[in-house]
Every structure is written in C-alpha cells, then in structure tokens.
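Some notes on the structure that comes next.
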Amino acid sequence: MGLVQLLKSQFLSQLIICYVFLVSGLIVNLLQLCTLPLWLVSKQLARRINIRLGYCISSQMVAALEWWSGTECTLYTDPKSYPLYGNENAIVVLNHSFEIDFLCGWTFCERFGVLGSSKVLAKKELSYVPVIGWMWYFLEIVFCKRKWEEDRRTVAQSLQNLRDYPENYWFLLYCEGTRLTPKKHQISMQVAESKGLPKLKYHLLPRTKGFWVTVQNLRGAAAAVYDSTLNFRNNEMPTLLGILNGKKYHADLYVRRIPLELIPEDEAECAAWLHKLYQEKDSFQEHYTQTGRFPGPIVSPPRRPWALINWLFWCCLLLYLLGLLLTQLISSGSMLTILASLAFCSTVSLGVRWMIGQTEIDRGSSYGNKEESVNI
Ligand SMILES: CCCCC/C=C\C/C=C\CCCCCCCC(=O)SCCNC(=O)CCNC(=O)[C@H](O)C(C)(C)COP(=O)(O)OP(=O)(O)OC[C@H]1O[C@@H](n2cnc3c(N)ncnc32)[C@H](O)[C@@H]1OP(=O)(O)O
Ligand SMILES: CCCCCCCCCCCCCCCCCC(=O)OC[C@@H](O)COP(=O)(O)O
C-alpha cells in the first residue's frame, strides 16, 4: 500500500472529510433558509441561487468519488445523442442495485453540467436526513410515501411545479422503487408471474405508476427518457465507506436516449412499455455479465475541476477555523471545554455514520419485502 493510499484509509482523514461535509452542509442549509423571502419576490432567482448552493453540497460527494477514490466512470452511448446530454430536460430511468448508484448518477450530472438542478422521485424518509434531505426541499425534489393513493396527487403537483424550472435538469426515477435484495427479487418475481410477465434476472419488477405520472406531467417540458443501466466491473460491490477509504471502483453506464413522443400516453400502454424496457435492460445486464461490457461505443465525458475546487475551498476554510478553535481550546486548558469538544466530535462522527447508513442496502426498508404486499 502506497503512502497516499495509507493516508486515505486513516480514520482521521475520513473524520476530517465528514467534518467538512457536515459543517459546510449545515452552513449551506442555513443559506438556503435565508433565500426563503426571495421566493416571494423572484421565484426564478431563488431557484437559480439554490441550484448553486445545492451544488456546493452534492459536488463534495462527487469529488470524493472522482478525486479521492479515483473511481472511473465509463459511458456507453450513441455519439449522436451525446451533444444533447445536459442541453435538455430528461427523465432518467436507472436500475437500483448498488449502494452508490445515486452517486454515480450525480457524477454524470456533474460532467454534463446539471448537478445542481437534478431531481429525483425520492422516498419521503430521505427528506429528514440532515444536509442532503434538507437541501432537497429547496431544490424542489419530489417526495413520495410509496402509497399510491396518497402520492398520486402530491407527486403530480410537485412535477407540475417543475415545468417552468429555469435550468436544465435530469429527473431520476428508480422504477424498481427499492434496492434489489434476493428476498425482494424473489417476491417481485412472484408478482411478475402472477401478472403473466417474463421474469427478470437482474431487476425487480418496475412499479409503473410513478413513471406514468412523471411522463404525463413532464410532457412538453422534458424532451426524452434516458434509459440508463449501471454495472461495476469484476463484480465490485461499491459502498460509500469504501469511497471514504479511498477505494477505486470501475463503473460502466449504458445510456439510450428515447424521445418522449415515443412513450404511450395511455396508462396501461405506458405500463406495458415500461415492462418491455426492463426486459431490455435485463438483456443488457446479461450481455455485461457475459462479455464485461455494454453494447455500443464508449463516449466518456472527462471529469471537471469544479467539484474539486469547491471541495478544496470548504476544506481550507473549515480546517482553518478548526485550527483556530483547537488552538484556543488547548491554550484555555479547561478540562470541561476539552471534554465537551470530544463529545461534540463523537456526536459528529456518529451522526455522519447514521447518514452513511441511509445508503446501505442491509439497512434498507422492508418495502417490497413483505409477502402481503404481493397483489395476487
Ligand atoms: C445516469 C444519470 C443519472 C442521473 C441522476 C439524476 C439525478 C440524481 C438526483 C438525485 C440523486 C439522489 C438519489 C436519491 C435516491 C432516492 C431514491 C428513492 O428514494 S427510490 C424510492 C422512491 N421512488 C420510487 O418508489 C419510484 C418508483 N415507484 C413508483 O413509481 C410507485 O408506483 C409509487 C408512485 C411510489 C407508488 O408506490 P406504491 O407502492 O403505492 O406502488 P404501486 O401502486 O405502483 O404498487 C402496486 C403495484 O405494484 C405491484 N406490486 C406489489 N408488490 C410488488 C412487489 N413486491 N414487487 C413489484 N410489484 C409489486 C402490484 O401488483 C401493483 O401493480 P399494478 O400497478 O399493476 O396494480
Ligand atoms: C464528501 C463526502 C462525505 C461523505 C460523508 C457523509 C455522507 C452522508 C451521505 C448521506 C447521503 C444521503 C443520501 C442518501 C441517498 C440514498 C439513496 C438511496 O439509495 O435511497 C434508498 C431508496 O432509493 C430506496 O430505499 P430502500 O427501500 O431500498 O430502503
């Protein structure tokens, strides 16, 4: 192990990264809160400011992936579609099998200049996660309870609000609705069987209602669906803790651009279209397993320096302030203050560990896991 790698794997380095992330994130959350009155005066200006503030947070995680862990992200796509990426609104459909799939998504958002403005249909529970969840309120992320009766109105309304969004965005949909586990897969395939649908080997059966409502409400505002299929080389199972440890992964993403006009308007036809899409995605994963690559040419966008620059800015600022604080603390010689500071550090590390836990599949929800949820 080289010296740099040894440094990356040290608990202290990781604690510093987490400290910078948490403190800068809370500062940004506070700044976002200050933009509230502006929404009443100029909604579009408030949105543009929040896009940039949000970028300060999400790009730190992207920088950790791209620059700290050095993870390689390769894009397989049609070169004719490539110039459109980042220059139009799009609905992204991505498989949900990896703990850092959202982070790989963010990396591609960053490379195409839509990181600050990107959106997702996220479970409501994530809105309570400090820093990221709080940031999402101001970015108009669409939250759902995964209870269609309650979601149908709120999700449609939130999507309608995005129609006049001032900057290009990608709207991410994990149609599987939850992360893949063997048990969820088994139950999901029982549902597929009961519906007379072909079984999927690498995906859960997609939930079609969220997709339909998104396409209906963004028709005319989004130009295309980006069907995205992600996998990692050599059966890597990447984790956020691995990234913090400086472990390098190799992500491959296959993207197909499908114009929105090609997607049926009728709900049943749209659902059938999505099921067919997932059967195709399954075949791409099979191709990947057999050959170690996706079909089509590689057109990889390079990583940009902005995420790193933002990260270095926050590191310098907050480490300087920490240095000042520590000097004062030590020179004060007060045992009570020193103990209080240690307690504060422990709380920070436990808090961040809990946040990282949100990304771990083992700690995932029981959605799609219960026999009674099978509608047969
Ligand atoms: C590559 C570029 C990437 C770009 C990235 C861009 C942006 C990034 C931005 C941010 C990144 C941050 C990422 C954060 C990640 C957070 C993600 C999540 O939180 S995922 C969870 C929330 N999202 C979803 O659930 C979306 C999919 N779900 C739906 O669409 C649902 O329909 C719903 C709208 C949520 C409603 O949920 P509900 O449970 O009520 O679903 P349904 O009504 O659909 O369910 C009944 C339906 O399903 C069948 N059924 C029953 N049991 C199962 C089962 N176990 N498996 C499969 N299907 C099941 C049942 O028979 C019913 O079928 P039918 O509809 O035919 O009657
Ligand atoms: C600079 C780097 C610093 C990193 C240190 C701090 C990291 C804190 C990270 C907090 C991240 C919170 C965002 C979580 C996004 C998780 C996405 C996700 O995968 O959600 C799961 C849902 O889709 C489905 O849920 P399940 O039903 O599977 O349950």
Problem - Atom pair CG (L173) and CZ (F171), whose distance is rounded to the nearest 0.5 Å - result: 5.5 Å

Handout entry: Ring-face cation of K124 near F143 (centre distance under 6.0 Å, axis angle within 45°)
Key = yes

Problem - Flag for S365-E125: side-chain donor and acceptor within less than 3.5 Å - result: no

Problem - Donor-acceptor pair between N310 and W306 side chains, under 3.5 angstrom - result: no

Practice task
Sort and list the pairs that fulfil salt bridge (Lys or Arg N to Asp or Glu O under 4.0 Å) and have at least one residue in residues 155-175, not counting sequence neighbours.
Solution key: R47-D164, R48-E167, R52-E167

Problem - Under-4.0 Å salt bridge between K145 and E150 - result: yes

Handout entry: K247/E236 ion pair, N-O < 4.0 Å
Key = no

Completion exercise
In this structure, CD1 of I17 is separated from CD of Q60 (nearest 0.5 Å) by 10.0 Å

Problem - Side-chain ion pair, D252 and R233, N-O less than 4.0 Å - result: yes

Exercise for the section: Carefully, step by step, assess Y128 and W134 under the rule ring pair (Phe, Tyr, Trp, His ring centres under 6.0 Å). Expected result: CA-CA 7 Å; Y128 309 119; W134 299 346; 9.9 Å; no

Exercise for the section: In sequence, state the C-alpha distance, the side-chain angles, and the governing distance for T229 and Y202, and then conclude on side chain to side chain donor-acceptor pair (under 3.5 Å). Expected result: CA-CA 11 Å; T229 310; Y202 302 96; over 6 Å; no

Problem - Shortest non-hydrogen contact between C73 and L65, atoms and distance - result: SG-CD2, 4.2 Å

Exercise for the section: Give the intermediate values and the outcome of ring pair (Phe, Tyr, Trp, His ring centres under 6.0 Å) for residues Y254 and F284. Expected result: CA-CA 9 Å; Y254 178 40; F284 301 145; 4.9 Å; yes

Handout entry: Modelled atom types, side-chain donor and acceptor of E72 and Y249, under 3.5 Å
Key = no

Handout entry: Straight-line distance of S81 OG to I258 CD1, nearest 0.5 Å
Key = 10.0 Å

Practice task
Let me see the working for T239 and T359 under side-chain contact (heavy atoms from CB on, under 4.5 Å), right down to the final yes or no.
Solution key: CA-CA 8 Å; T239 63; T359 67; over 6 Å; no

Practice task
Assess K281 against Y278: is NZ or CZ under 6.0 Å from the centre of the six-membered ring, and within 45 degrees of the ring's axis?
Solution key: yes

Exercise for the section: For the pair H96 and Y174, name the ring-plane relationship: parallel under 30°, tilted 30 to 60°, perpendicular over 60°. Expected result: parallel

Completion exercise
Smallest heavy-atom separation, Y226 atom then L84 atom, equals OH-O, 3.8 Å

Practice task
I would like to know whether W170 and F112 meet ring pair (Phe, Tyr, Trp, His ring centres under 6.0 Å); could you show each step before the answer?
Solution key: CA-CA 10 Å; W170 290 351; F112 288 100; 5.7 Å; yes

Practice task
Report the C-alpha distance between D151 and R146 in whole Å, list the side-chain angles of each, state the deciding distance to 0.1 Å, and finish with yes or no for salt bridge (charged side-chain N to carboxylate O under 4.0 Å, His left out).
Solution key: CA-CA 7 Å; D151 289 336; R146 295 188 286 191; over 6 Å; no

Exercise for the section: Determine whether the side chains of S13 and K8 contain a donor N or O and an acceptor N or O closer than 3.5 Å. Expected result: no

